[in-house]
Amino acid sequence: MTGQLGLADFFEEFLNKQSIFIDKKALQQNYTPQVIPHRQNQINQVAGILAPVLRKEKPSNIFCYGKTGTGKTVVVQYVIQKLLESASARNVPLKTVYVNCKLKKIADTEYRIIAELARSLGKDVPSTGLPTDEVYNLFLEAIDEKEQTVLLVLDEVDRLVDRAGDEILYNLTRINGQLKKSQVSLVGISNDVRFMDNIDPRVKSSLGEEETIFHPYNAMELKEILEERAKLAFRPDVLEGGVLEKCSAYAAREHGDARRAIDLLRVASEVAERENATKILPEHIDKAEERIERDRVLEITVTQPKQSQAVFRAILDIPVNKKIETGEVYEKYKGICSAAGLTPLTQRRVSDLIGELDMLGLITAKVISKGRYGRTRQIYMTVSEDLSTKLKDKLKEELGI
DNA sequence: AGGTATTCACATGAAACTATTCTCTGAGTTAGG
DNA sequence: TAACTCAGAGAATAGTTTCATGTGAATACCTGT
């Protein structure tokens with residue numbers, strides 16, 4: 001990076017500086033690809049189940065299971081997109097509504113879900129003020145406006161159910177009885193394989209008329225998915241050999257999450273671009289992983305409530321790689337509380353908070369018994385030294401100490 | 001030596017309490033007829 | 001007069017506290033050799 005850079009190099013760099021991307025959108029989260037490797041079975045299955053709409057018959061309700069990043073959403077959206085195309089070519093009235101129940105502010109209570117559904121059908125629903133059954137009526141009205149089939153896609157229903165109970169599902173499955181002209185079919189998507197276990201049996205039988213299971217991808221399948229996307233996203237020869245392999249291997253390590261793999265590739269390409277590299281190298285994958293992890297940890301940290309932050313701050317005081325116990329954390333935590341002007345919580349609650357931090361992956365905590373000397377959690381940090389200092393700074397702002 | 005009982009330092013559960021957020025009702029307001 | 005707005009009551013929820021019970025194994029204490 002000195003002024004001694006030869007002119008030839010400079011020109012070289014300049015010429016190559018045109019973006020390594022053709023179409024970066026192909027790597028973004030909400031992109032629906034036209035080629036979905038290794039999911040032909042599921043596509044056929046879903047398409048087969050939904051196909052009756054083209055004959056104006058009511059398709060069965062479907063339920064899709066599978067962990068995150070196994071292609072559930074992509075497959076469903078792909079099929080629906082194709083279905084809409086054929087439907088409009090044939091003049092079959094078909095409407096689809098997609099709601100992601102994970103998005104908190106939009107859809108985590110019965111009211112909000114129904115309001116959101118009604119809204120996407122073109123009704124104007126105030127965000128508060130109406131009784132829930134009023135909103136139901138609006139929703140029904142919207143559907144029954146004309147003769148049509150409506151497909152309701154509920155992404156991540158498991159979230160919805162453990163927030164708001166399964167009553168909504170029950171109501172939705174019975175909605176057809178109240179419709180005169182039109183008909184409704186449900187497509188449920190869930191990350192939780194055991195989701196159906198603790199659900200009202202009445203809902204179970206009607207929602208789960210058909211089920212499609214999505215298995216995690218293995219490293220090879222991930223690689224092919226990445227190849228497919230990379231073809232669209234990058235100019236040829238941008239990828240150094242081994243990059244995709246590394247990328248997919250990393251993602252496969254964690255239950256074969258394709259979204260993760262694609263994210264990793266995207267961030268790696270951004271890193272490469274920023275460095276003015278002409279190629280994406282395996283090192284960029286490492287940097288990308290580090291960055292994703294760092295962003296994730298920072299993001300989670302700042303969105304935690306103050307009390308959790310205080311507990312986390314207390315834990316951060318341990319030197320990296322050294323273990324600490326609940327009692328010690330609690331003492332430190334009390335100190336932090338008085339410094340930050342918070343009223344300290346009971347040890348009982350702090351114990352739960354520590355458990356939550358563990359679930360979030362910010363810390364690692366394990367319950368061990370030290371025999372005569374009691375039973376406790378051993379807590380330690382898994383983050384690197386400089387991330388740890390960064391976190392302390394961040395928390396200093398947040399807590400005002 | 002081998003076996004049982006204690007004991008520690010919290011973990012884990014359940015119930016009760018509180019503060020906040022939602023839902024819903026009805027009074028008051030507006031606007032169109 | 002129907003439709004809309006909005007304050008406030010009451011219900012639902014999330015976050016905590018209080019009280020109670022549970023836990024695993026290092027130690028202490030026996031017991032019989």
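Basis for what follows: all heavy atoms, side chains included, without hydrogens, waters or symmetry-related copies. Letters A, B, ... mirror the listed sequences (proteins, then strands); counts begin at 1.
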task: Calculate the interatomic distance between A:Lys306 atom NZ and C:dA14 atom P; express it in whole Å.
output: 21 Å
message: Please report the distance, rounded to the nearest Å, between CZ in A:Arg349 and C1' in B:dC10.
response: 17 Å
OP1 or OP2 of C:dT23 under 4.0 Å from side-chain N/O of A:Ser369: no
query: In terms of side-chain heavy atoms, does A:Tyr217 have a donor or acceptor partner in A:Asp257 at a distance below 3.5 Å?
result: no
- line: A:Gln307 CD to C:dT17 C1', in whole Å, measures 13 Å
message: Less than 4.0 angstrom between a side-chain N/O of A:Thr326 and OP1 or OP2 of B:dA11, yes or no?
response: yes
task: Would you mind telling me which of C:dG15, B:dA11, C:dC19 lies closest to the side-chain atoms of A:Arg348?
output: C:dC19
Protein-nucleotide distance (A:Glu325, atom CD; B:dA9, atom P), rounded to Å: 10 Å
- request: Indicate whether the side chain of A:Gln309 and that of A:Glu398 have a donor and an acceptor atom separated by less than 3.5 Å.
  value: yes
message: In whole Å, I'd like the distance from the OH atom of A:Tyr373 to the P atom of C:dA26.
response: 11 Å
Rounded distance (Å) that lies between atom C1' of B:dA9 and atom CD of A:Glu331: 13 Å
- request: Report the distance from atom CD of A:Gln304 to atom P of C:dA14, rounded to the nearest whole Å.
  value: 16 Å
- prompt: Quick one: do the A:Glu275 and A:His284 side chains pair a donor with an acceptor below 3.5 Å?
  reply: yes
message: What is the distance, to the nearest angstrom, from the CD atom on A:Gln378 to the P atom on B:dC8?
response: 20 Å
- prompt: Does A:Arg375 or A:Asp352 map to a spot on DNA chain B nearer the 5' end, using the closest nucleotide for each?
  reply: A:Arg375
message: For a quick check under 3.5 Å, do A:Gln307 and A:Tyr333 share a side-chain donor-acceptor pair by atom type?
response: yes
